[in-house]
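Take a look at the structure set out below.
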Amino acid sequence: MIEPAELMQIAIDVCREGLAAGQSPFGCAIAVGDKVIARTHNTVVLTTDCTAHAEVNAIRAGCLAINDILLTDAIVATTCEPCPMCMTALHWARVGTVYYGATIADADSAGFNELTFPAAELLSRGGSKVQLIGDLMADECAQLFAEWQANPSKQAY
């Protein structure tokens, strides 16, 4: 099985690819066993699609990669705590564990229009079986917001 830190590094790297392309500072990678099946960044601005968050893009790519609508027991690494939309989508995809680095508060501080509803609370109140583990490479993930802030043409939403 791929190590969570290795998967998070992939998410960070793909996030930086997105930053280089003028996108916002979010990246996600999904693995099943020892195989990475998706590595995507946020494309909201590129696609003019407010649902094109890194996690949703990764779910779509991962499902296509395995030709299934479910990602049962997959491991997910995402550079920021999932928003309610993304956390719900991860639940619906039946992933096993979600690791995240930066927090919703970090995204909010960077200017994103976050719903400050913690992903853990959403899972708990909704009765989800998805395991959520935060603080994985948190400093490295929070640094992505600083890198994004340095882009004069950045666009928060």
According to a hydrophobic-cluster definition based on side-chain heavy atoms being under 4.5 Å apart (Ile, Leu, Val, Met, Phe, Trp, Tyr only), do [X] and [Y] belong together?
{"X": "Ile133", "Y": "Ile104", "value": "no"}
{"X": "Leu123", "Y": "Phe117", "value": "yes"}
{"X": "Leu19", "Y": "Tyr157", "value": "yes"}

So, taking the atom named [atom1] in [X] and the one named [atom2] in [Y], what distance separates them when rounded to the nearest 0.5 Å?
{"X": "Cys86", "Y": "His53", "atom1": "SG", "atom2": "NE2", "result": "5.5 Å"}
{"X": "Arg39", "Y": "Leu7", "atom1": "CZ", "atom2": "CG", "result": "11.0 Å"}
{"X": "Arg16", "Y": "Thr79", "atom1": "CZ", "atom2": "OG1", "result": "10.0 Å"}
{"X": "Cys28", "Y": "Ile10", "atom1": "SG", "atom2": "CD1", "result": "11.0 Å"}
{"X": "Leu70", "Y": "Ile59", "atom1": "CG", "atom2": "CD1", "result": "11.0 Å"}

Which heavy atom of His91 sits nearest to which heavy atom of Ser128, and what is that distance? ND1-OG, 2.8 Å
Evaluate the side chain to side chain contact (heavy atoms under 4.5 Å, CB included) criterion for residues Leu71 and Ile30: first the C-alpha distance (whole Å), next the side-chain angles of each, then the deciding distance (0.1 Å), finally the verdict. CA-CA 9 Å; Leu71 299 170; Ile30 300 177; 3.9 Å; yes
Are side-chain heavy atoms of [X] and [Y] found at a separation under 4.5 Å?
{"X": "Thr43", "Y": "Asn57", "result": "yes"}
{"X": "Cys83", "Y": "Glu114", "result": "yes"}
{"X": "Val130", "Y": "Val98", "result": "yes"}
{"X": "Val45", "Y": "Gln155", "result": "yes"}
{"X": "Ile2", "Y": "Val36", "result": "yes"}
{"X": "Ile12", "Y": "Leu144", "result": "yes"}
{"X": "Met137", "Y": "Asp139", "result": "no"}
{"X": "Trp92", "Y": "Leu90", "result": "no"}

Looking only at side-chain N and O atoms, does [Y] offer a donor or acceptor that is under 3.5 Å from a partner on [X]?
{"X": "Asp108", "Y": "Thr116", "result": "no"}
{"X": "Glu81", "Y": "Thr103", "result": "no"}
{"X": "Asp13", "Y": "Gln9", "result": "yes"}
{"X": "Asp106", "Y": "Ser109", "result": "no"}

Option passing ring pair (Phe, Tyr, Trp, His ring centres under 6.0 Å) with Phe26 (candidates Phe145, Tyr100, Trp148): Phe145
Quick check on Glu147: does its CD atom have over 12 non-hydrogen neighbours (other residues, nucleotides or ligands) under 6.0 Å away? yes
If you count the non-hydrogen atoms of other residues, nucleotides and ligands that lie under 6.0 Å from CZ in Arg94, is the total more than 12? no
